[in-house]
Amino acid sequence: MASSLTNEIKQTLIALVRDKFSVDLDDVVSEIPPKTELGDLAFPLAFDLAKRIKAATGEKKNPREIANKLADGLKTVPGVARVEIAGPGYLNVFFSRADIFTQLASASQNVATGTQPSGKLIVEHTSINPNKAAHIGHVRNSVLGDTTARILKATGENVEIHNYIDNTGVQVADVVVGFMHLENKSLAEIKAIAERPVAKREDNFDYYCWDLYSRVGQWYEEDKTRLQIRAQTLHEIEEGNNATAEIGEYISSRIVDCHLETMARLDISYDLLARESEILHLHFWAHAFEKLKASGAIVFETEGRNKGCWVMRAEEGRTEGETEGQSDAESEHDADKIIVRSNGTVTYTGKDIAYHLWKLGKLGLDFHYRLLRHDHHGREVWITTGDESSANNQHPPFGNGTAFLNVIDVGQSYPQANVKKGVMAIDHDERVARSAHLAYEKVTLTPAAAIELGTELSEADQQRQQIGMSGRKGLGVKADDLIDRLETKALAEVQSRNADLSEAQQQKIARQIAVAALRYFLLKFTRTSIIAFDFEEALKFRGETGPYLQYSVRRLSNIFTELGRSADDVRAEFAQLSAEEVATQFSGEAGDVLWSLVYFASRLDDVVQLSANAFEPTHVAKYAFQLADQFNTFYQDKRFHILKESDAKRKTVLLVAVDVVRQKLAQALALLGIEVPEKM
RNA sequence: GCUCCCGUAGCUCAGUUGGAUAGAGCAUUAGCCUUCUAAGCUAAGGGUCGCAGGUUCGAAUCCUGCCGGGGGCGCCA
């Protein structure tokens with residue numbers, strides 16, 4: 001609708017410029033004017049043209065004069081009502097409001113899909129070490145990943161969601177050490193803890209492990225020689241087929257269950273859980289190693305500090321004439337990444353390259369799969385398995401993506417860059433280049449939040465703006481605790497406003513509000529912004545929050561509830577109106593206000609596209625808030641008291657406008673993973 | 001030392017590929033519920049966009065150099 005009109009205007013402008021000024025432009029910059037009175041689309045290109053003409057011919061032209069020569073040609077574009085020259089030479093285009101509005105009123109209710117999928121995009125997020133309860137930092141990862149995936153799907157992308165499970169890593173080993181050496185517990189005793197009835201949140205197995213993990217860290221601190229126990233435990237877990245590995249397998253599986261439950265509360269789910277144990281036992285690395293060697297991506301060092309290692313070179317060569325003087329082995333290969341150690345073992349980066357080659361279908365090996373569960377929507381969630389006998393061959397096709405997207409905190413930028421480099425050395429498909437590390441900043445704690453969690457802070461720490469969370473220290477805001485608090489608070493609000501509802505209904509609404517509050521809180525920041533977590537901020541339901549957005553949609557819908565007619569019914573009536581009758585409603589001062597609202601609502605598709613291109617869900621979140629804000633202002637404007645409107649035709653137009661806004665806002669919220677409660 | 005991110009109102013943050021008078025929430029102050037539900041709205045105050053140069057018709061945005069805060073740079077994962 002509006003965006004296709006924009007494109008048409010741009011093409012017309014390019015043709016006009018070529019025709020009148022003999023200048024070839026690839027694209028023209030457009031912008032939305034700051035005020036409705038200035039038009040719907042503005043082109044500052046006359047300034048640039050004046051410069052180009054002067055450079056080419058020496059002739060000095062006034063930008064306003066140039067804009068004038070282009071204005072007439074634009075008026076012929078269907079959908080353009082008029083064109084004005086403003087300020088020093090802006091070309092301001094005014095749309096035919098009635099035309100655009102009528103198109104909006106009859107358009108499909110889905111987000112417009114632009115590009116055809118060019119293959120499958122594999123989005124990996126969550127990937128929490130399965131050894132303790134998830135905290136707010138993990139939730140930021142999951143919400144970012146889940147929302148980004150929703151937005152990408154809305155643009156027509158084929159997306160597969162993975163959650164990587166590092167079930168054979170150090171962190172799992174630590175909890176195994178805790179159970180075996182601190183608590184001297186057998187597998188049966190561990191099972192008894194994990195499967196005991198849960199009376200309160202603290203009884204959860206992931207909470208138990210949260211504390212145990214922190215105690216293990218302390219235990220190592222007391223006697224560093226105990227780290228040998230960790231090394232031995234890790235070795236046994238990696239090797240498999242022994243009692244230690246069995247305990248590790250059991251613990252990590254139960255914790256994964258806990259994480260899935262936590263994420264389900266936030267309406268987050270996965271297609272596949274890929275486990276490190278399979279990457280190990282199915283010898284993914286051995287295959288990747290051969291491919292890396294064959295491609296020349298890694299080389300064997302016969303001298304220097306990395307002698308005996310297989311490394312990936314940092315750069316192909318250095319710039320001519322630079323640093324010749326100091327070219328000893330020390331500085332030359334400083335940044336080279338070791339993939340295979342001199343003792344023959346592979347590094348984490350190497351394993352990760354193997355995994356990513358699998359994601360793109362370039363490894364020549366596959367996992368075995370089994371159905372793990374059905375998620376809260378009844379969709380299948382699969383998990384990898386190394387045990388062929390327990391595998392199910394009727395699984396959906398996994399992997400074989402054309403690109404991958406990894407939601408991992410910014411601290412992993414260096415290894416992630418190496419993984420992509422290694423993969424691209426083997427898979428030259430240009431679509432792979434789209435693969436990206438979706439780096440996001442951490443969630444830290446304000447000193448106030450840390451104190452509320454019962455931490456004792458040193459004087460120096462109290463002066464700091466933020467305190468890092470630490471799983472090892474057991475310092476952090478557990479996801480389920482926070483969601484519980486949000487739900488409790490929301491339930492109190494719901495009870496005071498909707499006492500007539502059943503308890504079950506009240507609880508459902510409270511849950512939806514809690515999810516909205518948390519998801520929006522995490523999405524209102526850009527990915528690169530550190531969130532200093534503050535309880536007061538996170539627990540807010542007013543102002544720029546998720547519940548505010550939900551409330552806005554509720555208001556929009558209630559207009560139709562009170563009206564007692566369906567939106568379709570009103571739209572059918574709208575179709576009977578003449579273009580003039582519609583146009584009348586968009587004239588004058590009040591018409592400008594109505595038009596601004598409708599025009600802003602029409603921009604959802606553009607915002608979604610922008611958000612998808614930048615992998616930045618914040619854009620959709622901010623847009624939703626702005627749209628809600630604009631609607632609420634409109635809602636309380638005395639000139640638009642819709643249900644009391646006596647002019648039937650005006651009332652119809654206003655109702656359709658309300659329905660358009662409602663749809664767009666509801667769509668935006670769905671992309672953010674926010675549901676709209678039946679009542680608020 | 002090399003490198004990435006951040007620095008915008010008292011606080012927390014937005015600000016598309018450079019564009020018109022730099023925005024929002026919170027907090028403060030003054031108002032609005034016989035009204036389509038106040039989880040809302042209106043108004044006011046609050047800014048050397050870290051500092052200094054540069055590029056440009058035009059810079060919060062691009063370039064250079066500083067200052068301040070955080071992260072990364074391992075034969076750990």
Side-chain angles (χ1 to χ4, degrees), chain A residues 27 29-35 38 42 44 46-48 50-51 63 86-90 92 129 166 169-171 234 276 305-311 334-335 337-345 347-349 351-352 409-415 417 439 441-442 444 446 464-466 468 490 493-494 497-498 513 517 524-532 534 536-537 540-552 554-556 558-563 606-607 610-611 613-614 616 618-619 621-622 625-626 629 632-633 635-638 640-645 658 679-680:
Chain A
D27 195 16
V29 174
S30 68
E31 54 172 293
I32 309 285
K35 287 185 162 188
L38 291 169
F47 309 116
D48 182 48
K51 189 166 45 176
Y90 284 98
N92 289 353
N129 272 305
D166 184 5
V170 180
Q171 294 213 23
L234 179 59
E276 186 178 66
R305 59 191 252 168
N306 293 336
K307 185 178 177 183
C309 298
W310 287 88
V311 305
D334 238 14
K337 180 63 197 168
I338 291 167
I339 302 298
V340 180
R341 305 179 185 103
S342 56
N343 67 5
T345 56
T347 60
Y348 167 81
T349 302
K351 279 186 276 188
D352 221 18
D409 83 87
V410 69
Q412 302 290 314
S413 298
Y414 174 69
E441 270 292 358
K442 299 180 203 315
T444 61
T446 58
R464 295 165 70 96
Q465 293 205 315
Q466 47 190 296
E493 296 276 347
V494 173
R497 288 157 207 265
N498 299 92
I513 290 171
K524 67 190 258 197
F525 301 91
T526 51
R527 281 193 280 123
T528 50
S529 169
I530 296 173
I531 300 178
D534 181 72
E536 202 185 327
E537 280 294 318
K540 269 186 181 137
F541 292 162
R542 292 161 179 267
E544 192 189 343
T545 66
Y548 172 83
L549 299 179
Q550 294 173 309
Y551 185 69
S552 304
R554 237 356 326 134
R555 280 185 152 176
L556 283 154
N558 283 351
I559 292 171
F560 282 90
T561 310
E562 288 296 316
L563 181 72
D606 294 337
V607 173
L610 172 76
S611 193
N613 292 344
E616 182 53 275
T618 301
H619 295 320
K622 288 283 177 185
F625 173 68
Q626 286 167 18
D629 196 37
N632 278 310
T633 304
Y635 182 78
Q636 304 219 350
D637 190 323
K638 296 277 189 289
F640 304 104
H641 203 292
I642 299 161
L643 295 184
K644 287 187 179 165
E645 178 57 55
V658 162
K679 280 195 170 182
M680 273 185 89

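A quick note: this is a predicted structure, and the numbers were derived from the prediction, not measured.
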d(CD1, Ile530(A); P, C4(B)) in whole Å: 17 Å

Thr347(A) (side chain) donor-acceptor with Ile338(A) (main chain) under 3.5 angstrom: yes

Thr545(A) side-chain N/O to G25(B) phosphate OP1/OP2 under 4.0 Å: no

Pairwise P distance for G45(B) and A22(B), with rounding to whole Å: 14 Å

Verify stack between Tyr90(A) ring and G19(B) base, 5.5 Å, 30 degrees: no

Touch class at under 4.0 angstrom, heavy-atom based, for Ala42(A) against every strand present: base

Met680(A) backbone acceptor or donor facing Arg497(A) side chain under 3.5 Å: no

Assigned glycosidic conformation for C33(B) [threshold 90° from 0]: syn

Polar side-chain atom of Ser611(A) near backbone of Glu616(A) as donor-acceptor pair, under 3.5 Å: yes

Spacing between Gln636(A) atom CD and U42(B) atom P, to the nearest angstrom: 7 Å

Side-chain-base donor-acceptor pair under 3.5 Å for Arg497(A) and A39(B): yes

Nucleotide nearest Pro44(A) when distance is taken to its side chain, options G40(B), A20(B), G19(B): G19(B)

Sugar-phosphate, base or nothing in reach of Asp629(A), heavy atoms under 4.0 Å: sugar-phosphate

Donor-acceptor contact below 3.5 Å, side chain Thr618(A) vs main chain Phe525(A): yes

Ser529(A) side chain, from C-beta outward: closest of C13(B), U37(B), C36(B): C13(B)

Listed nucleotide nearest any side-chain atom of Phe541(A), set A39(B), A77(B), A20(B): A39(B)

Spacing between Glu544(A) atom CD and G23(B) atom C1', to the nearest angstrom: 11 Å

A39(B) to C26(B) separation - P atoms, rounded to the nearest Å: 13 Å

Residue matched to G68(B) through Watson-Crick or wobble contacts both under 3.5 angstrom: C6(B)

Residue-phosphate contact under 4.0 Å: Thr633(A) side-chain N/O, U42(B) OP1/OP2: yes

Side chain Asp534(A), main chain Glu537(A), donor-acceptor under 3.5 Å: yes

Sugar-phosphate only, base, or nothing, as touched by Pro415(A) at under 4.0 Å among non-hydrogen atoms: base

Residue Ile642(A), side-chain atoms from C-beta onward, closest of C36(B), A20(B), A24(B): C36(B)

Residue met sooner reading RNA chain B from 5', once Arg341(A) and Asn632(A) are mapped to nucleotides: Asn632(A)

Proximity to the side chain of Thr528(A) - top-ranked nucleotide from C36(B), A39(B), C5(B): C5(B)

Integer-rounded Å distance: C2(B) C1' and Tyr414(A) OH: 12 Å

Separation of the P atoms in G15(B) and G74(B), to the nearest angstrom: 33 Å

Pairing partner (Watson-Crick or G-U wobble, both distances under 3.5 angstrom) of U12(B): A24(B)

Rounded P spacing from C13(B) to U8(B) in Å: 9 Å

Nearest-nucleotide pick for Glu441(A), side chain only, options being U16(B), C5(B), A39(B): C5(B)

Partner nucleotide, any strand, of G40(B) [Watson-Crick/G-U, under 3.5 Å]: C32(B)

Tyr548(A) side-chain N/O to C41(B) phosphate OP1/OP2 under 4.0 Å: yes

Selection from A14(B), A39(B), U35(B) that lies nearest to any side-chain heavy atom of Phe525(A): A14(B)

A77(B) OP1/OP2 closer than 4.0 Å to side-chain N/O of Thr349(A): no

Student check: side-chain heavy atoms of Asp409(A) and Gln412(A) closer than 4.5 Å: yes

Separation of atom CD in Glu276(A) from atom C1' in C76(B), rounded to whole Å: 13 Å

Proximal nucleotide (of G19(B), A77(B), A39(B)) relative to the Asp166(A) side chain: A77(B)

Base-pairing mate for U17(B) - Watson-Crick or G-U, with both contacts under 3.5 Å: none

Per Phe625(A) side chain, nearest of listed nucleotides A24(B), A38(B), G15(B): A24(B)

G18(B) to G58(B) separation - C1' atoms, rounded to the nearest Å: 8 Å

Sugar-phosphate only, base, or nothing, as touched by Ser30(A) at under 4.0 Å among non-hydrogen atoms: base

Integer-rounded Å distance: A38(B) C1' and Met680(A) CE: 13 Å

Sugar-phosphate, base or nothing in reach of Thr347(A), heavy atoms under 4.0 Å: sugar-phosphate

Tyr635(A) OH to U37(B) P, straight-line distance once rounded to whole Å: 5 Å

Heavy atoms from other residues, nucleotides or ligands near CD of Glu31(A) exceed 12 (cutoff 6.0 Å): yes

Interatomic distance where NE2 belongs to His619(A) and C1' belongs to G23(B) [whole Å]: 16 Å

Lys35(A) or Glu537(A), whichever maps to the more 5' nucleotide of RNA chain B: Lys35(A)

N/O donor-acceptor pair, side chain Asn92(A) with base A20(B), under 3.5 angstrom: yes

side-chain N/O Tyr348(A) vs A77(B) OP1/OP2, d < 4.0 Å: no

Pair assignment for C73(B), Watson-Crick or G-U wobble, requiring both distances under 3.5 Å: G1(B)

Sugar-phosphate, base or nothing in reach of Ile513(A), heavy atoms under 4.0 Å: base

Among U35(B), C13(B), C75(B), the one nearest Lys622(A) by side-chain distance: C13(B)

OP1 or OP2 of A38(B) under 4.0 Å from side-chain N/O of Arg542(A): no

